Amino acid sequence: MHPVLKLERRPQPSRTWSALAPVLAVLITMFAGGAMFAALGQDPVEAIRTIFWEPLFGEFARFDRPQLLVKAAPLTLIAIGLALGFRANIWNIGAEGQYIIGALTGAGVGLAFYPTESALIFPLMVVAGALGGWAWAMIPGLLKVRFGTNEILVSLMLVYVAEQLLAKMALGLLRNPEGRGFPGSRSLRDYPSAHNAELFAGTGIHWGVVAALIAVIFAYILLARHMLGFHIKLSGQAPRAARFAGVNPARLTLICLGISGALAGLAGMFEVAGPAGQINIDFNVGYGFTAIIVAFLGRLHPVGILLAALLMALTYIGGELAETNLGLPAAAIQMFQGMLLFFLLAVDLLTHFRLRWRRAEVA
Amino acid sequence: MDAKMDESGGTAHTDTLSSTAPFAKPDICPNPHHPDRPDAAYPTPPIAVPARLALTGTGTAKPGGQRRVTEPLLSIDGLTKAYPGVVANEDVSFDIHAGEVHALLGENGAGKSTLVKMIYGLVKPDSGTMHLHGSPFAPSEPSDARRHGVAMVFQHFSLFDALTVAENVALGMETPPPMRTLAARIREVSETYGLPLDPGRTVGDLSAGERQRVEIIRCLLQDPRLLIMDEPTSVLTPQEVAILFKTLQKLTSEGVAILYISHKLEEIRTLCNRATVLRRGRNVGTCDPAQTTAHAMAEMMVGSAFETPARRDTKTGAPRLTLDALSVRAPSAFGTALRDVSLTLHAGEILGIGGVAGNGQDELLAALSGELPVTPDALRLDDKPIGRLPPQARRDLGLFAAPEERLGHAAAPEMSLTENSLLTGATKQNLSNRGFLNWPRAQSFAEKVIAAFDVRTPGPNTAARALSGGNLQKFVIGREMAHDPEALIVNQPTWGVDAAAAAFIRQALMDLAAKGAAILVISQDLDELMQISDRFAALNAGRLSDIHPTADLTTEQVGLMMGGAHDMEVAHV
């Protein structure tokens with residue numbers, strides 16, 4: 001008989017561990033990531049310091065700090081929408097596609113009015129961006145509701161369709177007529193009515209940041225105080241009980257996919273009209289996928305998501321710094337972000353189980 | 001057996017009611033042996049018709065009771081088994097004699113399963129000894145137990161649907177004989193013991209009762225000295241129970257001992273020679289079930305006195321809920337289609353729907369709760385067609401339902417009782433205003449239910465899954481009743497609930513009916529339906545039998561209603 005480590009189910013999920021898990025996961029990721037950087041021939045302490053410290057308090061922090069908000073805004077917007085679905089066991093994995101389509105419809109509406117100047121153009125673009133993302137998410141939604149297809153696969157595959165569409169648009173319909181044949185649309189930055197400019201110079205705050213904060217507040221109220229939020233949670237935890245309570249699963253699927261699609265589309269629209277500036281082949285950088293990590297890292301809770309998005313933005317900016325300063329490959333940074341989700345899911349086990357040393361029982 | 005339902009109902013109840021005094025000395029039961037019992041006491045073989053239907057209240061002679069020999073077949077001495085956090089069995093001692101049917105009685109979680117698993121070699125005791133035929137017996141695994149002549153029929157069958165009866169039996173054997181020989185053996189055993197079974201049939205086509213026969217015959221082929229049966233009648237129709245009981249009598253007459261696990265008290269009173277009662281893992285006494293009232297045994301199980309629901313005068317009012325040729329397609333591959341179910345539920349009455357599990361009970365509840373939409377006119381509440389209405393709209397009209405499965409269907413396991421009160425009470429209790437939730441109101445509603453139904457819980461913020469089965473069931477039923485329903489549908493209101501809570505829930509249902517609500521109780525517990533229902537019908541393969549006043553029914557009729565036409569004949573031995 002020798003002692004073995006055993007997993008024991010907790011009578012109730014531990015709130016402490018649920019809150020502690022993300023912190024622990026970040027720490028483990030730092031260690032494992034450091035080991036990976038060491039294996040790549042880098043000083044691990046320097047690499048971790050560059051990623052986590054440099055953007056906040058380094059020499060050029062005043063340029064990097066506003067970038068945190070710029071990067072965190074789309075992540076927050078998308079992750080809030082995804083979290084609503086995830087809570088209801090509705091798995092929209094294709095936010096990246098909805099993000100692209102939102103950018104295309106948003107920019108498309110704006111460019112259609114070029115060069116007319118009007119205060120109505122930007123709001124119209126916002127609506128068009130949200131509608132574009134919503135419509136793209138309705139494809140997996142309706143297919144699931146009508147034919148029982150798997151929304152994970154359909155939404156994911158539609159990302160690649162959206163990418164093709166993006167390339168097609170950048171090279172064709174939306175290409176800048178004055179761009180001497182180069183791919184890419186007109187710059188929206190040079191079109192004041194359509195430009196999602198900084199609201200306060202040097203702060204990085206654009207309309208997308210405002211929208212993200214509004215989304216956090218709305219999602220918080222929805223989940224804590226509204227029947228729809230209750231039904232979302234109920235459907236995720238006990239689908240039969242939800243049906244018994246009167247939740248229409250098809251309707252809820254469409255609502256959740258619709259909200260997450262619209263928010264992803266909004267994020268795409270704010271990005272293309274602001275930081276990115278134009279529709280181009282390489283417009284999307286994976287926010288839609290990173291937002292999945294953000295959603296889980298933030299415990300599917302609106303405020304947690306905001307914090308997680310800021311952390312993730314930090315790894316983006318710090319990663320770029322590590323790329324330029326230390327010559328770390330971009331893939332290493334993606335590995336680093338992936339590790340974070342991996343360790344989080346592993347540590348999450350402790351929310352529902354506890355470890356016990358116990359003497360082995362002879363069967 | 002042609003005991004009339006009203007008689008049996010009457011006698012059983014007076015019987016139970018007459019002994020309301022708590023069990024004074026649980027360790028000694030009245031008349032542990034009855035030497036005065038005539039040996040040839042049954043000129044007609046007591047075909048033990050299930051439960052209390054056949055009861056006469058006095059000790060009908062039991063098969064094998066007189067065969068008791070001095071040396072016990074199996075003697076259990078001080079068995080103890082602890083799991084982390086719970087002692088499953090503590091110092092349990094009793095003897096089982098050859099040729100007796102020995103009941104092992106106790107509530108859920110009393111330690112019955114652990115005890116028989118130790119006898120069958122599935123679990124090793126922490127301490128204590130067993131002796132079989134006087135020599136030490138410590139099976140290391142089930143095959144070891146089987147070699148010593150101990151066999152067990154589990155509550156959940158382990159059979160392959162796609163294989164034939166004979167193939168399934170062969171799979172359980174270490175060295176199966178050629179199929180032809182085995183088929184002949186199966187036929188022979190099945191004829192000897194009155195268990196009609198064709199070895200060539202595919203198991204997937206068999207009824208629950210027939211599947212159980214496969215398991216029993218599998219055991220009998222080993223020529224056991226001790227047969228352990230875990231809740232064998234829970235899946236059987238009365239006719240099938242009668243067949244089973246005859247088989248058991250035949251076995252005991254050959255000297256086989258049967259350890260019979262059940263919590264159906266009347267069944268034990270009919271069949272068993274002795275009963276050992278477990279409570280919280282301890283043996284709290286052995287008694288002669290025929291000489292002990294069901295109420296007294298229940299109190300031994302629970303450890304305290306409780307009220308048996310009092311029968312009420314029925315004042316049936318106007319028709320409330322009407323089902324008119326209600327048909328539903330099977331919602332899943334494992335579901336049952338409902339076919340032309342028609343009934344009228346009146347104000348102030350309890351209509352009981354019996355039947356063996358899987359005959360459309362879940363579907364009927366879902367059709368009434370609104371989870372399965374039906375054609376508009378198939379379902380009417382006060383003459384308003386509601387077949388297409390979703391669950392919440394039906395609740396707004398006063399139709400409430402409580403499904404069988406507490407965790408996951410009637411309540412969300414991880415959610416608190418406060419949150420769970422939102423499931424059905426949102427509009428009726430004004431817990432939400434334009435979609436916005438009023439948590440303080442929800443909490444006080446949950447507190448109200450907890451107080452009114454004596455739900456034992458630290459408070460309304462406890463997760464549903466942290467409550468015991470009985471307490472959660474009281475909360476679920478209480479939640480629906482607190483809405484003052486015009487019509488209430490409940491499925492298995494006391495399934496897996498301790499006796500005291502069951503009595504409480506039944507009383508509450510009858511009180512609600514007395515206040516004028518129309519109540520439909522779907523249950524697999526015939527005793528329960530006989531006790532509380534005014535009219536009775538049975539579901540079989542999705543069809544509803546004719547509805548009869550409960551008091552006029554005989555056992556035979558109940559069985560016919562429940563079982564349709566199959567398995568009606570007791571094989572002639």
Side-chain angles (χ1 to χ4, degrees), chain A residues 1 3-15 18 87-89 148 218 220-252 255 299-300 348 351-363, chain B residues 83-85 122-124 126 140-141 331 362 365-366 369-373 389-396 400-416 419-427 431-439 442 461-466 476 480:
Chain A
M1 285 202 208
V4 286
L5 204 51
K6 285 222 168 183
L7 277 177
E8 214 176 81
R9 201 179 168 81
R10 292 177 193 274
Q12 290 202 26
S14 156
R15 274 163 196 267
S18 178
R87 286 233 179 174
N89 273 347
F218 265 84
Y220 183 87
I221 294 171
L222 183 75
L223 286 173
R225 309 216 71 95
H226 198 272
M227 201 48 142
L228 177 61
F230 178 73
H231 281 166
I232 284 173
K233 290 186 279 185
L234 186 61
S235 302
Q237 291 182 17
R240 285 187 74 204
R243 227 175 235 263
F244 172 64
V247 178
N248 179 339
R251 194 168 149 262
L252 195 75
I255 290 175
R299 316 270 69 185
L300 305 181
D348 251 358
T351 313
H352 292 280
F353 294 87
R354 59 175 152 226
L355 292 170
R356 277 279 168 86
W357 287 99
R358 194 188 304 147
R359 286 200 296 179
E361 196 172 321
V362 182
Chain B
Y83 291 109
L122 279 166
V123 170
K124 262 182 115 87
D126 295 339
S140 56
E141 50 181 8
D362 291 347
L365 183 111
S369 74
E371 292 161 87
L372 274 181
L389 292 186
Q392 199 49 55
R394 295 185 189 193
R395 289 188 192 113
D396 295 345
F400 287 83
E404 170 182 0
E405 210 181 319
R406 293 182 284 270
L407 279 177
H409 196 182
E414 309 289 337
M415 286 187 166
S416 69
E419 288 173 293
N420 270 304
S421 39
L422 279 171
L423 252 59
T424 62
T427 50
L431 304 183
S432 78
N433 180 14
R434 294 162 191 246
F436 284 93
L437 305 172
N438 188 336
W439 286 118
N461 294 320
T462 313
R465 84 163 193 207
V476 166
E480 303 313 319

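These numbers come from the heavy atoms of this one structure, side chains and all, not from hydrogens, waters or symmetry mates. Naming convention: chains lettered A, B, ... in sequence-line order (proteins, then strands); numbering from 1 in each chain. If you're wondering where the values come from, they're calculated on a predicted model, not measured in any experiment.
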When the 4.5 angstrom heavy-atom criterion is applied to E405(B) and chain A, the contacting part is side chain
### F244(A) six-ring face occupied by R395(B) cation (under 6.0 Å, within 45°)
yes
Honestly, the part of A393(B) sitting under 4.5 Å from a heavy atom of chain A is neither
Whatever's closer than 4.5 Å to a heavy atom in chain B on A242(A) counts as neither
Between the NE2 atom in H226(A) and the CZ atom in F436(B), the distance rounded to the nearest 0.5 Å is 4.5 Å
From the list A411(B), A412(B), P403(B), the residue making the most non-hydrogen contacts under 4.5 Å with chain A is P403(B)
CZ of R243(A) to OG of S369(B), rounded to nearest 0.5 Å, is 10.5 Å
Q | Pairwise side-chain contact, R240(A) with E371(B), heavy-atom cut-off 4.5 Å (strictly under) | A | no
Value for CE (M227(A)) from CZ (R434(B)), rounded to nearest 0.5 Å, stands at 15.5 Å
If you count the non-hydrogen atoms of other residues, nucleotides and ligands that lie under 6.0 Å from OH in Y220(A), is the total more than 12?
no
d(L437(B) CG, L228(A) CG) to nearest 0.5 Å is 10.0 Å
Under 4.5 Å to a heavy atom of chain B? For L222(A) that would be neither
One option among E419(B), Q392(B), H409(B) has the most heavy-atom pairs under 4.5 Å with chain A, and it is H409(B)
Q) So, do F230(A) and L423(B) sit near enough that their side-chain heavy atoms are less than 4.5 Å apart? A) yes
